[in-house]
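These notes concern the structure reproduced below.
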Amino acid sequence: MRHVVVISTGGTIASRWQGDGYAAEAAGQEVLEASAVPDGVEVRVVDLFTVNSSRLTTDHQLRLLHAVHDALADPEVDGVVVTHGTDTLEESAFFVDLFHGDRRPVVFTGAQQPLDAADGDAAGNLYDALLTASSRRDIGSVIVFAGQVFAARGTVKRHTVDARAFGAPDGLPLGRVEFGRVTWGRQQPRPEALPLPERGTTAPRVDIVMHHSDGDSVLFDAAVGAGARGIVLVGTGAGNANPEVVDAVRRAVAAGVEVAVSTRVAAGAVAPLYTGGGAVDLAAAGALLTGTLKPGQARIAVLAALLAGGGAGSGAGLRRILDAAPRTAPASDLYLVDGVGH
Ligand code: ASP
């Protein structure tokens, strides 16, 4: 027998109609009962909370992180499945991944259709997640959705309502779940796990501010004024802004705020290409460029670095997280065979 712990947190996979819209309502056992359980797998359900994931706080995510570690404290457990709303699933999955040093997997899944939809995706996604959690090691935290397995890092929600909700804009799926079997592509090396924050840790404030045409530094400065210990600046293009924002970044970094630069573009890395307010100047002002991490996960990287460093924003912790990105060829190269894209 393989043993899997299912940690239920809410989301559409646990949602029902409330008269004017859907909201998370079902307990973990009800979610589980909607799905078949793979042969040879025994499941224990932990009801952690029941919320739609746009309502999640860092405190929820810290509770989830500790619940995962509590489940894996039992040597009989082969893996963990987390049922989660899709809106911020990529954030929680990456958060858990950064602190995950266990060989056993944590598999995040959810649904785009509510629990009781006749043609819904809840049952299939949960079955595939149970199969994955009970059959593989050394994959860290992954997202199983619509028959695909993605590494948590680098994966984003890419469609608001389509069943194929997730994708890795700069990579490939790790595997596929088809006909009741998981087939795997290549394995990614696992980075060293960050030290687990103590229970009851007070979470630092980390904000996201997006640049746009006619953008100024008002919202960035407001984040500093609100007590942010970290800020992700979502630049245009390869991570660019303007000289006013660069000055604001310089002031924030001097005040001890961790500043990271991501991009509002759907795919590709931020890169120090442009001066005159671009990523070259933002980096010179003390911001760290987050590679291919998209804004939600860039924020999680800053948050995790602050939590692991006891709230100190030295930049070293964040640099370590960013440097641990798997060195893979860009997806555009991987899809080329003999120079022909397919
Ligand atoms: N709003 C929902 C949530 O994130 C969406 C979903 O679960 O698919 O909780």
Side-chain angles (χ1 to χ4, degrees), residues 6-35 45-65 67-68 80-97 106-130 132-133 141-150 152-169 173 177 203 206 208 266 294-300 303:
V6 172
I7 300 176
S8 174
T9 72
T12 295
I13 196 168
S15 287
R16 295 199 185 99
W17 184 248
Q18 307 294 315
D20 57 353
Y22 291 96
E25 173 183 273
Q29 193 59 38
E30 292 177 84
V31 175
L32 182 67
E33 278 163 13
S35 163
V45 175
V46 173
D47 270 302
L48 195 60
F49 35 80
T50 311
V51 293
N52 287 96
S53 68
S54 57
R55 296 181 61 175
L56 283 192
T57 63
T58 304
D59 283 341
H60 284 112
Q61 289 167 323
L62 283 165
R63 280 172 59 198
L64 173 59
L65 179 63
V68 166
V80 173
V81 168
V82 180
T83 56
H84 197 292
T86 57
D87 284 5
T88 60
L89 190 150
E90 72 213 45
E91 298 178 39
S92 297
F94 185 43
F95 187 64
V96 168
D97 192 53
V106 185
V107 180
F108 281 75
T109 196
Q112 289 281 59
Q113 299 274 344
L115 183 61
D116 43 16
D119 57 346
D121 52 347
N125 284 345
L126 184 50
Y127 183 90
D128 291 351
L130 291 169
T132 307
S141 166
V142 299
I143 298 170
V144 168
F145 219 95
Q148 291 182 300
V149 187
F150 296 98
R153 183 179 195 130
T155 297
V156 293
K157 184 170 181 179
R158 64 174 188 179
H159 200 286
T160 53
V161 292
D162 194 276
R164 288 172 73 104
F166 289 90
V177 195
V206 181
I208 298 179
K294 298 300 169 256
Q297 291 197 339
R299 180 183 167 277
I300 291 295
L303 174 68

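As the structure is a prediction and not an experimental result, all values here were calculated from the model. Read the numbers this way: they start at 1 and go in the same order the structure lists the ligands and their atoms. Quick note: residue numbers are just sequence positions, from 1.
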- Begin from the C-alpha positions of F166 and F150 and carry the test ring-ring contact (aromatic ring centres under 6.0 Å, His included) through to its verdict. CA-CA 8 Å; F166 289 90; F150 296 98; 7.5 Å; no
- Would you say the side chain of V6 lies within less than 4.5 Å of the side chain of L130, judging by non-hydrogen atoms? yes
- Message: Please check: side-chain N/O of T9 versus main-chain N/O of T83, any donor-acceptor pairing under 3.5 Å?
- Response: yes
- Query: Does the side chain of Q61 pick up a donor-acceptor pair with the side chain of S92 at under 3.5 Å?
  - Reply: yes
- Query: Is the closest side-chain heavy-atom distance between L303 and F95 below 4.5 Å?
  - Reply: yes
- Where A26 and L115 come nearest, the two heavy atoms and their spacing: CB-CD2, 3.6 Å
- Message: If the criterion is any heavy atom closer than 4.0 Å to an atom of ligand 1, which residues make the list?
- Response: G11, T12, N52, S53, G85, T86, D87, A111, Q112
